[in-house]
Amino acid sequence: MHRKTILQAKEDLKQKKYSAVELTEAVYQRIDDVESKVQAYIHLTKKQALEQAREADRRLSAAEEAPLLGIPIALKDLICMQETRTTCASQILDQFISPYDATVVKRLKGAGAVIVGKTNMDEFAMGSSTESAWHHPSMNPWNLERVPGGSSGGSAAAVAANECIGALGSDTGGSIRQPANFSGVTGLKPTYGRVSRFGLIAFASSLDQIGPMTKTVADSALLMNVISGKDPLDSTSADVERPDFMKSLERSVSGLKMGIPKEYFTSGIDPEVERSVQEAIKTLESLGMEKVEVSLPHLEYAVATYYVIACAEASTNLSRYDGVKYGYRSEKNDNLLDMYMNTREEGFGEEVKRRIMLGTFVLSSGYYDAYYLKGQKVRTLIKQDFENAFQESDVIVAPNAPITAFKLKERVNDPLKMYLSDIYTISANLAGIPGMSVPCGISKSDGMPIGVQLMSKHFDEESLIAVGHRFQQATDHHLRQPPL
Ligand code: GLN
């Protein structure tokens with residue numbers, strides 16, 4: 001049962017092959033069996049989940065229809081759920097109990113979902129390997145000596161290891177797409193503004209988006225139907241019509257133009273990654289898509305621009321953790337100023353402190369124009385690159401990361417190397433466009449999964465879903481199971 005996709009489980013529940021309680025128990029059994037190896041979760045919410053499953057069974061027996069009735073879903077632990085710990089994988093929020101539900105949680109619950117638990121992540125979503133997590137790292141189910149990617153590494157690992165049926169992650173600079181890629185699952189970062197950020201603990205507010213991490217593109221389409229749409233509680237959520245994303249699954253992709261950005265296939269890319277992505281491009285051509293070369297000339301500035309802007313926003317967002325309003329407070333608190341300083345010194349991990357300092361620096365007087373303002377200007381150029389590329393193409397096809405999942409501890413002490421591996425994902429966040437990672441192969445040199453990245457115009461997730469789904473119908477990469 002734990003191996004089912006959302007759509008399969010939904011059908012089985014409807015046909016009464018098993019109950020929502022049985023499905024939920026099967027998922028917890030799977031967690032009992034493999035979690036000591038994978039460590040995908042920070043904490044489980046079993047008691048509430050079983051209540052939700054019982055309620056789902058009542059609704060199912062009354063022949064009620066709801067998109068996720070009885071489906072076990074995992075949440076990255078920066079999405080607030082009422083009366084539940086939301087830790088952001090940080091000591092500073094370790095005991096924080098959210099007083100309310102994030103909008104996406106409210107929507108999931110309304111759709112009948114069963115929330116299994118809160119998944120591991122890099123502290124405050126800052127990282128690419130889930131190693132900066134305060135509690136423990138997570139392992140890649142394909143090879144327990146390797147990272148699952150990050151920062152939504154727990155959600156990716158939980159989906160890959162069948163420790164949930166589907167999950168939500170968040171993506172500020174690639175944190176859905178890169179771990180999906182590293183762990184062999186499907187991950188969709190929606191357009192900025194497509195999904196409400198209300199109740200998502202902020203890292204970099206102009207870049208953050210919540211999105212689905214699933215076993216198939218079709219499952220992501222269903223989750224998008226539930227979580228997206230205008231929310232009066234988030235003024236940056238866009239007032240655009242929400243299409244029925246399930247309809248995109250029926251769309252033909254023949255005649256669509258795929259843009260291949262030449263800058264994404266230069267030196268530094270692992271030959272196995274390049275080979276798999278090129279094969280994916282050939283498959284898409286066989287489905288009737290037409291290949292055109294496009295150029296995204298400012299790619300080389302993307303990493304620097306992102307780390308200036310994201311750190312600047314993080315430094316302001318994280319100023320609220322002062323030992324007064326939330327969570328952890330230092331014992332060393334003889335006077336107010338020392339209490340602030342000691343709380344932040346003890347409560348935040350190294351990477352988070354590095355980002356706060358970088359962000360404070362680029363915003364400080366004398367440096368603001370040289371770094372932050374300049375970064376915003378380059379951000380506009382990167383956005384214009386995509387606008388130009390989308391004049392000639394419908395969907396951009398590229399790698400997600402230049403490498404496959406690396407070994408634990410291999411990069412964690414070299415922040416620059418870690419930042420540079422984000423090169424292919426962060427431009428989509430800077431431009432605000434949607435991006436998706438779909439499994440497209442296994443590396444012959446290290447046996448790790450590889451994904452292909454699809455990007456499209458603002459609010460055109462439908463094209464990504466159509467292309468991704470056709471690709472999954474034509475291939476079996478997404479069906480492979482880790483040798484766990
Ligand atoms: N790896 C990137 C970072 O460290 C992206 C993180 C994210 O998308 N949350 O900032």
Side-chain angles (χ1 to χ4, degrees), residues 75-79 88-90 119-133 137-138 147-156 167-183 187-192 195 197 200-213 302-315 317-318 348-359 362 375 379 400-403 405-406 411-437 453 455:
L75 298 178
K76 184 175 180 180
D77 203 17
L78 45 36
I79 299 174
C88 252
S90 181
T119 57
N120 200 15
M121 51 185 278
D122 283 294
E123 184 178 3
F124 281 98
M126 297 172 186
S128 314
S129 67
T130 314
E131 290 169 289
S132 75
S138 297
V147 302
S151 64
S152 313
S155 287
L168 293 187
S170 71
D171 191 314
T172 305
S175 280
I176 288 177
R177 289 160 289 155
Q178 184 260 26
N181 174 94
F182 277 14
S183 304
L188 170 60
K189 178 203 97 70
T191 311
Y192 182 80
V195 177
R197 292 182 296 111
L200 169 72
I201 295 181
F203 161 12
S205 309
S206 77
L207 301 158
D208 299 340
Q209 261 298 282
I210 297 173
M213 302 181 76
V303 172
T305 305
Y306 168 84
Y307 278 93
V308 167
I309 293 173
C311 292
E313 294 184 17
S315 74
N317 271 327
L318 271 61
F348 289 131
E350 236 177 75
E351 181 60 26
V352 173
K353 282 188 277 202
R354 180 164 28 243
R355 306 256 181 139
I356 292 173
M357 287 191 283
L358 280 170
V362 300
R379 182 176 189 173
N400 283 291
I403 43 169
F406 43 89
R411 289 183 176 229
V412 71
N413 294 319
D414 187 346
L416 198 58
K417 204 166 170 194
M418 192 77 96
Y419 298 172
L420 286 169
S421 66
D422 295 335
I423 174 99
Y424 297 145
T425 47
I426 55 195
S427 303
N429 302 78
L430 290 168
I433 59 169
M436 177 156 74
S437 175
Q453 181 175 202
M455 290 175 273

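Just so you know, ligand 1 is whichever comes first in the structure, and atom 1 is the first atom listed for that ligand.
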* To do: Could you check atom 3 (C) of ligand 1 against the protein and tell me its nearest heavy-atom contact, residue, atom and distance included?
  => Tyr307 OH, 3.3 Å
* Asked: Can you find an N or O of Gly150 that's nearer than 3.5 Å to an N or O of ligand 1?
  -> no
* Check Arg355 against ligand 1 and report side chain, backbone, both or neither, counting heavy atoms closer than 4.0 Å. => side chain
* To do: For the residue pair Lys76 and Ser170, confirm or rule out a side-chain donor-acceptor distance under 3.5 Å.
  => yes
* About how many Å separate CG of Leu78 and CD of Glu123, when rounded to the nearest 0.5 Å? -> 11.5 Å
* To do: Would you kindly say whether Ser128 and Asp422 are connected by a side-chain donor-acceptor distance under 3.5 Å?
  => yes
* Could you tell me if the ring centre of Tyr419 sits under 6.0 Å from that of Tyr307? => yes
* Proximal ligand 1 atoms for Ala125, defined as those under 4.0 Å from one of its heavy atoms -> 6 (C), 7 (C), 9 (N)
* Structure fact -> Nearest heavy-atom contact between Arg355 and Gly127 is NH2-N, 3.7 Å
* What is the nearest protein non-hydrogen atom to atom 7 (C) of ligand 1, stated with its residue, atom name and distance? -> Ser175 OG, 2.4 Å
* Could you tell me whether Asp422 approaches ligand 1 through its side chain, its backbone, both or neither, with non-hydrogen atoms closer than 4.0 Å? => side chain
* Asked: Any luck finding a side-chain donor-acceptor pair between Asp122 and Ser132 under 3.5 Å?
  -> yes
* To do: For Gly174, take its heavy atoms, then give the atoms of ligand 1 lying under 4.0 Å from any of them.
  => 8 (O)
* **Atoms in ligand 1 flagged as close to Met126, the criterion being non-hydrogen separation under 4.0 Å** => 4 (O)
* To do: Give the atoms of ligand 1, by number and element, whose distance to some non-hydrogen atom of Phe203 is under 4.0 Å.
  => 9 (N), 10 (O)
* Side-chain donor-acceptor pair present, Gln453, Arg177, cut-off under 3.5 Å -> yes
* **Heavy-atom nearest neighbour in the protein, as seen from atom 5 (C) of ligand 1, with distance rounded to 0.1 Å** => Tyr306 OH, 3.4 Å
* Below 4.0 angstrom, N of the basic side chain to O of the carboxylate: do Lys353 and Glu350 qualify? -> no
* **Ser151, portion touching ligand 1 at heavy-atom distance under 4.0 Å** => side chain
* Asked: Should Ser128 be counted as touching ligand 1, given the test is an N or O pair under 3.5 Å?
  -> yes
